[in-house]
Amino acid sequence: MADTGLPAGWEVRHSNSKNLPYYFNPSTKESRWEPPAETDTDKLKVYMAQNHTPAARPDPSGEGEGKIRCSHLLVKHRDSRRPSSWREADITRTKEEAIEILKGHEQRIQSGETTLGDLAVAESDCSSARKKGDLGFFGRGEMQKEFEDAAFGLQPGQVSSVIETASGVHLIERVQ
């Protein structure tokens with residue numbers, strides 16, 4: 001079996017509803033989007049890149065009535081709903097520091113130096129980072145209100161300014 005870098009008893013599974021990998025411990029029945037503590041994140045990144053890339057698992061959902069498709073880059077902070085991610089087990093930065101980080105990313109995207117998707121792979125605190133921040137298609141009432149309002153206010157190809165939600169701070173790109 002490939003070395004996932006996860007602690008003993010944990011495995012990577014795939015959510016069919018969200019089309020994303022998640023972490024599961026069969027003995028405790030615990031499941032989570034973020035890797036458990038004591039994960040070797042370097043090994044996990046290699047394993048995920050080899051086994052859970054978008055090319056390996058195409059998105060089964062098609063565009064539905066009234067749905068849009070967005071990608072995002074999330075930077076969490078210590079006051080986020082869950083201040084941990086696949087990148088950091090314990091996020092201690094302040095909201096102000098998270099906003100400053102995101103503003104730096106926003107400038108790089110606006111200047112044409114990079115794309116939101118390319119930045120999301122390495123910098124996003126969301127598990128969607130593995131899919132260049134792609135959240136797939138969603139409709140009204142499926143996302144946090146602040147996120148939804150911003151996303152539906154964008155035209156395809158547009159990137160938002162900094163958006164604050166209970167999850168952290170985001171840049172959102174409307175794809176379709």
Side-chain angles (χ1 to χ4, degrees), residues 18-21 33-35 39 41-59 61-63 66-140 142-176:
K18 294 200 179 284
N19 195 35
L20 284 173
W33 293 110
E34 291 85 17
T39 296
T41 54
D42 291 331
K43 285 183 181 177
L44 180 63
K45 285 178 190 178
V46 170
Y47 173 81
M48 296 307 282
Q50 292 171 343
N51 297 281
H52 289 275
T53 60
R57 294 184 174 271
D59 187 349
S61 65
E63 182 177 1
K67 294 191 176 219
I68 63 172
R69 184 175 196 158
C70 291
S71 295
H72 79 135
L73 194 162
L74 169 66
V75 177
K76 291 185 175 185
H77 49 80
R78 65 183 176 215
D79 297 319
S80 296
R81 183 173 50 189
R82 284 194 315 266
S84 65
S85 76
W86 67 276
R87 297 178 64 236
E88 288 177 81
D90 184 27
I91 296 172
T92 58
R93 73 178 70 89
T94 65
K95 179 162 77 170
E96 292 72 26
E97 289 168 328
I99 290 170
E100 285 307 308
I101 290 167
L102 208 55
K103 284 183 176 177
H105 295 329
E106 183 181 17
Q107 287 175 344
R108 292 180 63 201
I109 293 164
Q110 286 176 345
S111 74
E113 176 188 336
T114 189
T115 65
L116 182 140
D118 287 343
L119 267 177
V121 170
E123 304 296 333
S124 182
D125 285 317
C126 180
S127 57
S128 68
R130 300 188 253 304
K131 299 193 312 180
K132 291 190 163 197
D134 187 1
L135 296 170
F137 288 99
F138 59 89
R140 295 263 183 204
E142 294 181 47
M143 298 287 179
Q144 293 175 49
K145 181 167 178 22
E146 303 89 347
F147 189 98
E148 178 183 299
D149 288 348
F152 275 89
L154 297 170
Q155 293 300 313
Q158 274 188 314
V159 177
S160 72
S161 56
V162 175
I163 305 298
E164 295 182 35
T165 71
S167 298
V169 292
H170 314 251
L171 290 177
I172 306 167
E173 180 177 15
R174 168 96 179 255
V175 180
Q176 290 179 302

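These figures come from a predicted structure and were not determined experimentally. Residue numbers run from 1 in the order of the sequence given.
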Is a side-chain donor or acceptor of [X] paired with a backbone partner of [Y] at a separation under 3.5 angstrom?
{"X": "Arg78", "Y": "Pro83", "value": "no"}
{"X": "Ser128", "Y": "Asp134", "value": "no"}
{"X": "Thr114", "Y": "Arg108", "value": "no"}
{"X": "Trp86", "Y": "Ser124", "value": "yes"}

Kindly indicate, with the supporting measurements, whether the criterion side-chain contact (heavy atoms from CB on, under 4.5 Å) is fulfilled by Asp149 and Arg140. CA-CA 9 Å; Asp149 288 348; Arg140 295 263 183 204; 4.1 Å; yes

Hey, are the side chains of [X] and [Y] touching, using non-hydrogen atoms and a 4.5 Å cut-off?
{"X": "Thr115", "Y": "Glu173", "result": "no"}
{"X": "Ile68", "Y": "Phe138", "result": "yes"}
{"X": "Pro35", "Y": "Thr41", "result": "no"}
{"X": "Glu148", "Y": "Glu142", "result": "no"}
{"X": "His170", "Y": "Thr165", "result": "yes"}
{"X": "Arg81", "Y": "Ser167", "result": "yes"}

Taking distance alone, no hydrogens or angles, what donor-acceptor pairs closer than 3.5 Å link side-chain atoms of residues 98-105 to residues at least two apart or in another chain?
none

Salt bridge or not between Glu34 and Lys76? Use side-chain N to carboxylate O under 4.0 Å.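 A salt bridge links Glu34 with Lys76.
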
Using 0.5 Å steps for rounding, measure from the [atom1] atom of [X] to the [atom2] atom of [Y].
{"X": "Leu119", "Y": "Glu113", "atom1": "CG", "atom2": "CD", "value": "8.0 Å"}
{"X": "Ser80", "Y": "Leu74", "atom1": "OG", "atom2": "CG", "value": "7.0 Å"}
{"X": "Leu171", "Y": "Ile109", "atom1": "CG", "atom2": "CD1", "value": "5.0 Å"}

